[in-house]
Amino acid sequence: MDDTEIRPVRPGELAAVAGLRWRWVQELYGAPDAAPDEFVPRFVAWARENESSHRCMVLLRGEEVIGMAWLATAPRVPHPRAFERASGDVQCVYVVPDARDRGLGGALIEAVLAWARELGLERVTVHSNDRAVGAYSRHGFEASPRLLQWEAGGSRAE
């Protein structure tokens, strides 16, 4: 792990992050509907438009972006005991296949959770795939009997 660095994404790295997202979908589901040359600029524009609510950490090996983790934040309704409230959701944690199983995904999770602490978030959730449940559990995530979910139907995007 000595040759890697985790830090907030820089604007010039958003295309590489978009490439990781495209690659991830291809890895899980086969060829995405959008080609990279169509997806990447749209993703970069989306990331710039949503930078106040969606923060990205990147994992670098040298100059190459080899991983990402997003923290989506949302304000919560004020409470008489705490007017300023917010929660977060960990999204899109991904490490390229040749760098997996070395603790780098866990390091990305820790970096995002440190960010959540700095922001004073009340809670952070995650919707995980089966392979990553153990990693999130090792970093303090627990199943909640009160966190419910409603699926809007149709196809789900991961």
Just wondering, do [Y] and [X] contact through their side chains at under 4.5 Å, heavy atoms?
X	Y	result
R85	P75	no
W22	P32	yes
R100	Y94	yes
V96	R23	yes
V90	Y136	yes
L60	T4	no
Q91	H127	no
R55	P8	no

Rounded distance [0.5 Å steps], [atom1] in [X] versus [atom2] in [Y]:
X	Y	atom1	atom2	result
L14	M68	CG	CE	11.5 Å
D33	F39	CG	CZ	11.5 Å
L59	L20	CG	CG	9.0 Å

Go through the steps to decide whether H139 and L113 satisfy the test side chain to side chain contact (heavy atoms under 4.5 Å, CB included), and finish with yes or no.
CA-CA 9 Å; H139 293 278; L113 293 178; 4.3 Å; yes
Is any NZ, NE, NH1 or NH2 atom of the basic residue among [X] and [Y] found under 4.0 Å from an Asp or Glu carboxylate oxygen of the other?
X	Y	value
R123	D89	no
E63	R10	no
E110	R138	no

Is [X] linked to [Y] within one hydrophobic cluster, defined over Ile, Leu, Val, Met, Phe, Trp and Tyr using a side-chain heavy-atom separation of less than 4.5 Å?
X	Y	value
V133	L28	no
V44	W46	yes
F43	Y29	yes
V124	L147	no

Given salt bridge (charged side-chain N to carboxylate O under 4.0 Å, His left out), test R42 with D37 step by step and report yes or no.
CA-CA 9 Å; R42 289 185 67 194; D37 61 344; over 6 Å; no
Please say whether more than 12 non-hydrogen atoms of neighbouring residues, nucleotides or ligands are located less than 6.0 Å from CG in D98.
yes
Where is the tightest heavy-atom contact between [X] and [Y], given as atom of each residue plus distance?
X	Y	answer
A69	V112	CB-CG2, 3.5 Å
I6	A111	CG2-CB, 3.6 Å
I66	A99	CD1-CB, 3.9 Å
V95	L104	CG2-C, 4.4 Å
V40	G19	CG2-N, 4.3 Å
P41	P36	CD-O, 4.1 Å

is_close_aromatic(W70, W24), centroid dist under 6.0 Å
no
In sequence, state the C-alpha distance, the side-chain angles, and the governing distance for L119 and L71, and then conclude on side chain to side chain contact (heavy atoms under 4.5 Å, CB included).
CA-CA 11 Å; L119 294 170; L71 177 63; 4.1 Å; yes
Using a 3.5 Å distance criterion without hydrogens, assess whether the side chain of N50 forms a donor-acceptor pair with backbone atoms of S53.
no
Determine whether a donor-acceptor pair (N or O, by modelled atom type, separation under 3.5 Å) exists between the side chain of R7 and the backbone of V58.
no
Go through the steps to decide whether L121 and W115 satisfy the test side chain to side chain contact (heavy atoms under 4.5 Å, CB included), and finish with yes or no.
CA-CA 9 Å; L121 301 183; W115 221 346; over 6 Å; no
Can you name the salt bridge (Lys or Arg N to Asp or Glu O under 4.0 Å) partners of D101, sequence neighbours left out?
R131
